[in-house]
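Data first, discussion second: the structure below is written as structure tokens.
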Amino acid sequence: MSGWLRRNGWVAALAFAFAALLVATKIIQPGFGASGLESLARAALPFAFATAAMAVVVIAGGIDLTVAAVMAVAGVTSAVLMRDWGVAGTVPAVIVVLALGAVIGAINGAAIVLSRAPDIVVTLAMMYVWQGMALLILNGPGGTATPWLREVILGGVPIPGLRWLPQAAVVLAFALALVWLPLKRSRPGLSLYAIGSDQTAAFRSGVAIGPTKVLAYAVSGLFAAMGGLTLTLSTGVGEPIPGPYLLAAVAAVVLGGVALTGGVGGILGPIIAVLILRLLRLDLTLLSVDPNVTTIIEGTIMAVVVMIGGLLAIRRKRA
Amino acid sequence: MTTGTVQAPFARIGRLLRDYPIIALLVLLVALIVLLQILNPGIINQRWIGNTIKFAIPLAMLAACQTFTMYTGGIDLSAAAVATITAFVMATQVPHLGDAAGIALALVPAVLIGLLNGFGVGICRVHPLIMTLGSGLIGIGCLQVYQRSTIATGSAIPPVLEWLGTGRTFWLPNGLWLFVPFAALMLFIQRRTGFGRLLYAVGANEGAARLSGLRTWQLYFALYTLSALIAGLTGLLYAGIIRTTSLSLVEPLLLPSVAAAVIGGTSIFGGRGSYAGTIVGALILTVLGTLLTLLQMPEGGRQIIFGGIILAVTAIYMRLTETG
């Protein structure tokens, strides 16, 4: 237990902060209950997937500026496919969209490996490409989402005693665990951490840098596609203009204890960080704070946390 | 032997390009202009050149923030926010305080954000990407709150900024009166001053720079404050060009400014690059913008080509400069 705490101290602290915020929310708004939790989980869903997408790549030592754009591509593609293929074609449409996300991510990764240019530059360029692609698929908000699929992320779990648990949270946990847990335990997952930690050392230990990088971006694209899909499901239409997910994802990844230099952290921390940021926003709204002040507070929290983190890292190095 | 003779010209071109990256960029710029002339004969005239320069100037100035921070391996994502804030504060304060005091006051928040960035990067050792992202968010949030309090008092752009932004001397935009001295100063700083050389030194090897007796935190404070001041200046000029302000005035220029620096051959890992290349990079992006508008493509297609060209230019550039 103490060993687990030492290794996962930051995640534990985040979980504690989240629990404290939940209590605070209950105090601010005594009516906050299952329905509040449900809408929080539903609103956080696309942010959480965007954060997971960013976290995978940052762990592998890169950064993916295309996350929001890939979400837009996946969102419009799913909306168009669900409109054209109808209810019967919903499952194939979902499969196509997820595969598309993975392929887009793999293309990003391959572009980085082949061009030998820095990740941030390549994904900056590819961001324009995928934004343009989303606009070509759908020039304005349109398409539809299949009703039964929309209900998957709506409401509580239909099991007596678990109704307080939002389905959106279950979908999120299930989707992330399904991809991330097997990956993390496998050899390619270890390679991911290896190239993020020290590329030269990883190369000399026999890790294939190129394929691992492509894998990291493909997983990132897959998560981004899930995010785009849930976005379409929660709004009911496909939106080709990327939402504010890129910067939010970077912020949550950093708050979640993933070092931008790579090789450190996991996915759980960033996900809790996303929930904290969304809940904080909800609390400030409940306190009827000006939404603009909310932006300042979010930015300040992010800046202060990373500054303290930096100072702690320096002290640890000296000690 | 045969392979040697075949490879030699390429290696020589590669070496030439590595030593003078600006040659390749100028060739690309000329090629784009020629292409434009072929696609739409007669478009290249004094008016077009004047307009292109006019819109390339703010981009090149904002890209100076990215170029200088990239020398140290950093980046300044708060630049567009700082420029927007400066423009907005200037426009709303000028009616109360007069032109000079309004402009001077508007640069205060810019300096504050620059100092905050310097503190975060230099003392707390936060990654510049995160630090400037956060400070930009905070700044824009503060601006939105500030906007609430000034919504009724109106705004005005001082005549001198309108003259700089929209006026012409002969057929060249007046912005050049600001930009030419600015660019000369930037080139002087990066080449001839100790500050400029220390920037490259920190970017090339921070540990070595520190062991040579450099107090890196002082350098970071100076660098990020300078970057914020440049961004503020850009905001003032851009307000003069657009002749109005908004809460996201300069935001569309942020990612292009990074692209301009990168296309111009500045390494995002630090230690390599020149502001001269950035200026050409900004011109290339502006010409490319006109070219893509002329092609009468849907917006999506334009963005795809824009991104593809940025990627291609950087990829080719990396390949060429690696050989030899």
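Protein chains get the first letters and strands the later ones, always in sequence-line order, with residue 1 at the start of each.
Atom OH of A:Y128 sits about 13.0 Å away from atom CG of B:L311, to the nearest 0.5 Å.
Two residues are said to be in side-chain contact when any heavy atoms from C-beta on lie closer than 4.5 Å; B:I304 and A:Q131 fail this criterion. Two residues are said to be in side-chain contact when any heavy atoms from C-beta on lie closer than 4.5 Å; A:L136 and B:P298 meet this criterion.
Here the closest non-hydrogen pair linking B:L255 and A:M127 is CD1-CE, 3.1 Å. In this structure, B:G120 and A:M307 approach most closely via the heavy-atom pair CA-CE, 4.0 Å. Nearest approach of B:Q303 to A:L135, heavy atoms of both residues: NE2-CD1, 4.1 Å.
In this structure, chain A has no heavy atom under 4.5 Å from any part of B:L143. Heavy-atom distances place both the backbone and the side chain of A:M133 under 4.5 Å from chain B. Contact annotation for A:A111: only side-chain heavy atoms (C-beta onward) come within less than 4.5 Å of a heavy atom of chain B. For A:I137, no part sits under 4.5 Å from any heavy atom of chain B, backbone or side chain. Using a 4.5 Å cut-off between heavy atoms, A:V293 contacts chain B through both its backbone and its side chain.
In terms of heavy-atom pairs under 4.5 Å with chain A, the best-connected choice from B:V145, B:L77, B:L137 is B:V145. Most heavy-atom pairs under 4.5 Å with chain A, from the set B:I138, B:I305, B:I123, B:I140: that is B:I138.
Only one option out of A:I120, A:L124, A:V121 pairs with B:V262 in a side chain to side chain contact (heavy atoms under 4.5 Å, CB included); it is A:V121.
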